[in-house]
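Letters A, B, ... are given to chains in the order of the sequence lines, protein chains preceding strands, and every chain is numbered from 1. Reckoned from all heavy atoms, side chains included, excluding hydrogens, waters and symmetry mates.
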2 protein chains.
Amino acid sequence: MVDVFRALDDETRRLVLDELSARDGQTLFEICSVLTMRHGLSLTRQAISQHLGVLESAGLVDTERRGRSKFHYFNPEPLAEITGRWPTRKRTEQ
Amino acid sequence: MVDVFRALDDETRRLVLDELSARDGQTLFEICSVLTMRHGLSLTRQAISQHLGVLESAGLVDTERRGRSKFHYFNPEPLAEITGRWPTRKRTEQ
DNA sequence: TTGATATGCAAGCCCTCACTTGCCTATAGT
DNA sequence: ACTATAGGCAAGTGAGGGCTTGCATATCAA
């Protein structure tokens with residue numbers, strides 16, 4: 001089990017969320033190619049797979065397997081843990 | 001320079017933000033005692049100091065020095081980088 | 001000035017994390 | 001059945017992070 005804060009503490013994982021947010025339901029290979037094409041990342045398929053595992057473990061990504069493909073969906077719900085923890089209010093100037 | 005995501009990837013630092021959010025303008029020693037009293041943390045003063053340094057480097061904590069004391073203030077502005085990056089919208093069910 | 005208080009700096013240790021490499025499983029096509 | 005595709009598992013490595021220890025600096029009080 002991985003909490004949301006640690007899952008977000010990685011630029012690659014944040015880029016994965018960006019891509020899934022732009023186009024939901026991509027497979028591992030699609031995400032790999034997009035990351036290398038559009039962001040110049042030279043990472044192994046396993047690296048991306050592990051990142052997706054972390055995101056899934058944090059609840060930020062839901063998966064659905066059909067055949068030999070696995071589709072990934074961005075789930076923003078866990079982000080509420082961040083936004084709700086520190087209610088934004090004005091700093092009390094002493 | 002530390003980004004917001006890494007600064008938040010530590011429960012101790014999140015507790016520090018909790019305490020500053022509850023009572024703003026505390027000194028290092030006040031934060032240390034509060035963390036040990038209310039959260040059972042057994043950390044050195046230097047550990048907390050380093051955590052405060054990370055939070056300040058991320059812009060989440062502003063400091064103000066008066067005499068030999070340093071007062072810490074919670075600044076929630078950098079949190080906008082998180083809330084604004086992935087606009088919450090419904091998952092496009094295919 | 002002397003001593004206590006509040007904080008800073010720096011080196012070292014240990015553990016976690018991101019990434020790679022190598023091999024294995026399962027599904028689809030011919 | 002054979003081959004290619006899509007993905008999973010596990011061990012190993014290198015770098016960074018959290019924490020401690022030890023010493024140094026600066027401010028206040030007597």
- Between C/dC17 atom C1' and A/D3 atom CG, what is the distance in whole Å? 14 Å
- Query: Expressed in angstrom and rounded to an integer, what is the separation of A/F29 atom CZ from D/dG8 atom C1'?
  - Reply: 12 Å
- Task: From the options D/dA6, C/dC19, C/dC9, select the nucleotide whose nearest atom is closest to the side chain of A/A47.
- Result: C/dC19
- Which whole-number value in Å describes the distance from B/D9 CG to C/dC17 P? 8 Å
- Query: Base, sugar-phosphate, or nothing for A/T44, non-hydrogen atoms under 4.0 angstrom?
  - Reply: base
- Query: What is the distance from CD of B/Q26 to P of C/dT7, rounded to the nearest Å?
  - Reply: 11 Å
- Item | Nearest-Å distance for atom pair CD1/P, residues A/I31 and D/dG8 | 11 Å
- Item | Distance, nearest 0.5 Å, that separates NE2 of A/H51 from CG of A/L35 | 9.0 Å
- Task: May I ask you to test the A/F71-A/T27 pair for a side-chain heavy-atom distance under 4.5 Å?
- Result: yes
- Is A/R85 salt-bridged to B/E11, cutoff N-O under 4.0 Å? yes
- Task: Take the protein atom CG of B/L8 and the nucleotide atom P of D/dG18, then report the distance between them rounded to whole Å.
- Result: 12 Å
- Electrostatic pair B/E64:B/R66 at N-O distance under 4.0 angstrom: yes
- Does the base of C/dT7 carry an N or O that pairs as donor and acceptor with the side chain of B/R68 under 3.5 Å? no
- B/R45 CZ to D/dC23 P, in whole Å, measures 14 Å
- Answer yes or no: is there an ion pair linking A/E81 with B/R14, defined by an N-O contact shorter than 4.0 Å? no
- Could you work out which one of D/dG18, C/dC9, D/dG7 sits closest to the side chain of A/K70? D/dG7
- One would report the end-axis bend of the helix from C/dT1-D/dA30 to C/dT30-D/dA1, five pairs per end and rounded to 10 degrees, as 20°
- Within residues 49-61 of chain A, residues whose heavy atoms come under 4.0 Å of DNA chain C: A/Q50, A/H51
- Query: What is the nucleic acid contact for A/S42, judged by heavy atoms within less than 4.0 Å: base, sugar-phosphate only, or nothing?
  - Reply: sugar-phosphate
- Distance, rounded to the nearest Å, where B/D10 contributes CG and C/dT16 contributes P: 14 Å
- Item | Distance-only donor-acceptor test (3.5 Å): side chain B/E11, base D/dG18 | no
- Would you kindly check whether a donor in the side chain of B/R13 faces an acceptor in the base of D/dG18, or vice versa, at under 3.5 angstrom? no
- Message: Taking atom types as they are modelled, would you say the side chain of B/R6 forms a donor-acceptor pair with the base of D/dG17 within the 3.5 Å cutoff?
- Response: no
- Item | The single option from B/L60, B/V54, B/L52, B/D10 passing side-chain contact (heavy atoms from CB on, under 4.5 Å) against B/V16 | B/L52
- Query: For the residue pair A/N75 and A/P78, what are the closest heavy atoms and their distance?
  - Reply: O-CD, 3.2 Å
- Message: Ignoring hydrogens and geometry beyond distance, is a side-chain donor-acceptor pair present between B/E56 and B/H72 at under 3.5 Å?
- Response: no
- Query: Looking only at heavy atoms, which two atoms of B/A7 and B/R13 are closest? And how far apart?
  - Reply: O-NE, 2.7 Å
- Among D/dG7, C/dC19, D/dT27, the nucleotide that comes nearest once only the side chain of A/R65 is considered: D/dG7
- For the student: nearest non-hydrogen atoms of B/I82 and B/F5, plus distance: CG1-CE2, 3.6 Å
